[in-house]
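Okay, so here's the structure we're looking at.
Residue indices begin at 1 and follow the sequence shown.
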Amino acid sequence: MKKIVIIMNGHGGVGKDTLCDIAASEYRVRNISSITPIKEIASAYGWNGEKDAKSRKFLADLKQVFVEYNDLPTQYLLAEYQKFAHSMDEILFVHIRESEEIEKFKKKINMPCVTLLVHRQAAEQEIWGNAADDGVTQYAYDYYYHNDCPLEMAREKFLCFLKKLMRENH
């Protein structure tokens, strides 16, 4: 079975999770994020799931502390990657914000892997005040996807894009 890892990035609100859901309508998909273990820790100590600038900075800063202390985000991703490698899933979407973390993860896996930046004009104007969110465009991605069409057209457009991406990488 052909498998692929797609490291997906983009500003908040560009539709990354919606696109992953669209992919899951046609493929066996696993969707993971390097911030997941950080959110779990933050939730245990008072963070209530807010997505405002203060909370996003808190999560980005906390993630950086764990990257430096024990590399928890990458260790989490690698454990999830191993589950994917031994599953029937075809696509692993991996959400990583920071360029150096993207490179670190790419070097540790051994199957086709591409990077994808999702754009949406209306969602890219905001400055969040943290390196993770504000630096998403500072990486040379393999693919760029402009998610500017209405939701009812997004399914066909993204599935066509994804089919081409998979064909080019197998």
Over all heavy atoms of both residues, which pair between P37 and P73 is shortest? Give the atoms and the distance, please.
CG-CA, 4.5 Å
Here the gap from K54 atom NZ to W47 atom CH2, rounded to the nearest 0.5 Å, amounts to 14.0 Å
Testing the 3.5 Å rule here: is there a donor-acceptor pair between the side chains of H95 and N31?
yes
Minimum side-chain heavy-atom gap K57-D134 below 4.5 Å:
no
Closest heavy-atom pair, L62 versus A42, reported as atoms and distance to 0.1 Å, is CD2-CB, 4.2 Å
Would the distance check show the side chain of S43 and the main-chain N or O of K39 forming a donor-acceptor pair, the cut-off being under 3.5 Å?
yes
Write down the atom of A23, the atom of L162, and the distance for their closest heavy-atom approach.
CB-CD2, 3.5 Å
Give a yes or no on whether F105 and Y139 share a hydrophobic cluster (residues Ile, Leu, Val, Met, Phe, Trp, Tyr; joining criterion: side-chain heavy atoms under 4.5 Å apart).
yes
Are N9 and Y141 linked by a side-chain donor-acceptor pair shorter than 3.5 Å?
yes
Roughly how far apart are N169 CG and K3 NZ, rounded to 0.5 Å?
16.0 Å
Is the shortest side-chain N to carboxylate O distance from E100 to K104 below 4.0 Å?
no
Parallel, tilted or perpendicular: which describes the rings of H119 and Y144, with under 30° parallel and over 60° perpendicular?
parallel
Please give me the minimum heavy-atom distance between G10 and K16, naming the atom from each residue.
O-NZ, 3.1 Å
Would the number of heavy atoms belonging to other residues, nucleotides or ligands and lying under 6.0 Å from CD of E156 be above 12?
no
Between S34 and V94, does a side chain to side chain contact (heavy atoms under 4.5 Å, CB included) hold up when you go through it step by step?
CA-CA 7 Å; S34 64; V94 182; over 6 Å; no
ILVMFWY network linking L77 to I35, side-chain heavy atoms under 4.5 angstrom:
no
I'd like to check K163 versus M166 (side-chain heavy atoms, cut-off strictly below 4.5 Å). Are they in contact?
no
Give a yes or no on this: more than 12 heavy atoms of other residues, nucleotides or ligands lie within 6.0 Å of atom NE2 of H170.
yes
Same cluster (ILVMFWY, side-chain, under 4.5 Å), L78 and F66:
no
Listed by chain and number, what are the salt bridge (Lys or Arg N to Asp or Glu O under 4.0 Å) partners of D133, not counting sequence neighbours?
R56, R97
Approximate separation, where rounding is to 0.5 Å, of F84 CZ and I4 CD1
8.5 Å
Salt bridge check, K63 against E98: does any charged N sit closer than 4.0 Å to a carboxylate O?
yes
Hydrophobic cluster membership, V67 vs I38, 4.5 Å side-chain cutoff:
no
Between D89 and the options R28, K2, R30, the salt bridge (charged side-chain N to carboxylate O under 4.0 Å, His left out) test singles out R30
So, does S55 use its side chain to make a donor-acceptor pair with the main chain of D52 at under 3.5 Å?
no
Between V29 and C20 the two heavy atoms that sit nearest each other are CG1-O, 4.3 Å
Rounded to the nearest 0.5 Å, what separates atom CZ in R120 from atom SG in C149?
8.0 Å
Please round to the nearest 0.5 Å and tell me the distance separating atom CG of L116 and atom OH of Y145.
9.5 Å
Heavy-atom check, side chain of K108 versus side chain of Y81, under 4.5 Å
no
Is there a path of hydrophobic side-chain contacts, each under 4.5 Å between heavy atoms of I, L, V, M, F, W or Y residues, that connects I6 with L159?
yes
Residue pair N147 / V14, side-chain heavy-atom distance below 4.5 Å
no
OH on Y76 to CG on L72, rounded to 0.5 Å:
10.0 Å
Is any side-chain heavy atom of S25 closer than 4.5 Å to a side-chain heavy atom of R155?
yes
